[in-house]
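Ligands are counted one by one from 1 in listed order, and the atoms in each one are counted from 1 as well. Numbers here simply count residues along the sequence, with the first being 1.
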Amino acid sequence: MPYTPGEQPKEQQYIKLNTNENAYAPPAGAARYLQSALEHAQLYPDPECTVLRRKMAALTGLHEDEIIFTNGSDEILNFAFMAFCDADTGAAFPDITYGFYPVFAALNGVPYAEIPLREDFTVAVEDYCRIGKTIFLANPNAPTGLSLSKADIERILTANPDNVVVIDEAYADFGTWSAVELVDKYENLLVTGTFSKSRSGAGLRLGYGFASAALIKDLNTIRFATNPYNINALSMAAGLAVLEEEAATRAACEAIKKTRRQAIEAFRALGFDCTDSQANFIFVKHPHIGGERLYRLLKERGILVRHFSPERIKDYNRITIGTEAQMQVLLNTVKDILDDENCTSKTNNE
Ligand code: PMP
């Protein structure tokens with residue numbers, strides 16, 4: 001079964017809080033190198049992504065050969081399934097996590113174990129120790145927003161010295177500590193990241209990986225066997241400019257974190273269960289209205305959120321943190337829906 005992306009509506013203007021894009025546009029300076037890239041667009045782009053890797057090395061303190069760029073982080077995740085899993089070395093990831101992991105596993109003929117999260121959606125770290133599989137963990141996880149500590153991740157890395165552990169940090173800039181500092185300590189660690197969330201660049205399709213030079217070499221073997229020109233010249237140019245705007249990126253992340261704190265407080269005040277999300281989305285469920293019903297009623301009123309049908313999470317919705325104005329409209333709409341559905345009086349009488 002292919003991955004089902006979140007809806008990208010064309011027919012109607014929605015408040016779009018369903019695919020965890022950044023609430024803010026990229027910094028104005030992001031256009032800085034585009035003109036020059038266009039003027040050289042008759043040439044293939046640099047397959048080594050030299051300038052981007054150099055800039056990222058300077059930002060992270062890693063060596064350039066510990067860095068790879070890919071077409072979104074979906075591509076590096078697929079590469080990791082291709083490079084580090086096979087029929088004998090299967091994959092392991094939580095039962096509730098990013099929906100592309102099982103799709104990539106199936107596509108590549110990799111057997112996989114979906115390890116149940118605990119009742120409270122936390123990862124049972126002991127379940128990932130000495131399991132002889134390539135491990136994929138999103139940190140923070142999606143759609144729960146919950147994160148693992150450095151101690152937990154080091155325990156998993158240490159307990160699986162002969163297997164690669166992939167830490168998917170798509171949302172790490174919104175509050176979680178980053179495992180990038182462990183790359184020089186653990187040969188078996190691959191950290192993946194993306195410009196799609198904290199760097200306001202979902203449309204650029206830029207992802208990356210940090211790992212030991214040996215693992216990056218393996219990933220490059222796959223990349224050169226599929227598409228060495230996976231990063232087009234315009235994305236490369238815009239990506240470089242975005243990396244030169246770290247202060248703007250941090251400011252947008254701080255604004256989103258502030259809006260997230262306010263949203264969690266407001267949803268809890270309305271009677272919702274709300275996880276302690278460390279990402280740019282919240283994960284919420286109300287005791288008196290089903291997840292799918294709330295999703296539909298919000299859509300009818302012009303607001304798109306993401307509902308997932310698996311039994312364990314069918315009562316939840318994942319809602320991207322938008323601008324403060326968008327979140328205000330969302331909250332007012334949710335209040336109206338709860339009133340219409342008589343949920344407010346039920347909650348007050350409890
Ligand atoms: N990992 C996780 C956990 C995600 O939610 C997403 C976004 N859907 C991705 C990776 C991939 O994002 P992109 O390909 O845009 O980098």
Which residue holds the protein heavy atom closest to [atom], what is that atom called, and what is the gap in Å?
atom	value
atom 5 (O) of ligand 1	Tyr171 OH, 2.7 Å
atom 1 (N) of ligand 1	Asp168 OD2, 2.6 Å
atom 12 (O) of ligand 1	Ser73 OG, 3.5 Å
atom 8 (N) of ligand 1	Tyr98 OH, 3.3 Å

Residue [X] vicinity, atoms of ligand 1 by number, heavy atom under 4.0 Å:
X	value
Ser196	13 (P), 15 (O), 16 (O)
Gly72	14 (O), 16 (O)
Arg205	13 (P), 14 (O), 15 (O)

*Would you say Tyr101 and ligand 1 have an N/O pair spaced under 3.5 Å apart?*
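No: no nitrogen or oxygen of Tyr101 is under 3.5 Å from one in ligand 1.
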
Side chain, backbone, both or neither: which part of [X] has a heavy atom under 4.0 Å from ligand 1?
X	answer
Asp74	both
Lys197	side chain
Phe100	neither

Taking the ring of [Y] and the ring of [X], is the distance between their centroids below 6.0 Å?
X	Y	result
Phe136	Tyr112	no
Phe81	Phe79	no
Phe308	Tyr316	no

_Worked check of side-chain hydrogen bond (donor to acceptor under 3.5 Å, both in side chains) between Gln35 and Glu39_ = CA-CA 6 Å; Gln35 184 64 33; Glu39 283 164 9; 3.1 Å; yes

_Measuring only between side-chain heavy atoms, which start at C-beta, is Ile216 closer than 4.5 Å to Ile67?_
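A side-chain contact is absent here, since even the closest heavy-atom pair is not under 4.5 Å.
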
*Can you measure from CG (Leu146) to OG (Ser277) and round to the nearest 0.5 angstrom?*
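Reported value, rounded in 0.5 Å steps: 7.5 Å.
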
*For Phe267, which of Phe283, Phe281, Phe272 qualifies under ring pair (Phe, Tyr, Trp, His ring centres under 6.0 Å)?*
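Looking at Phe283, Phe281, Phe272, the match for Phe267 under the ring pair (Phe, Tyr, Trp, His ring centres under 6.0 Å) is Phe272.
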
*CA sep, side-chain torsions, deciding dist, call: Tyr101, Glu114, side-chain hydrogen bond (donor to acceptor under 3.5 Å, both in side chains)*: CA-CA 10 Å; Tyr101 301 159; Glu114 293 178 289; over 6 Å; no

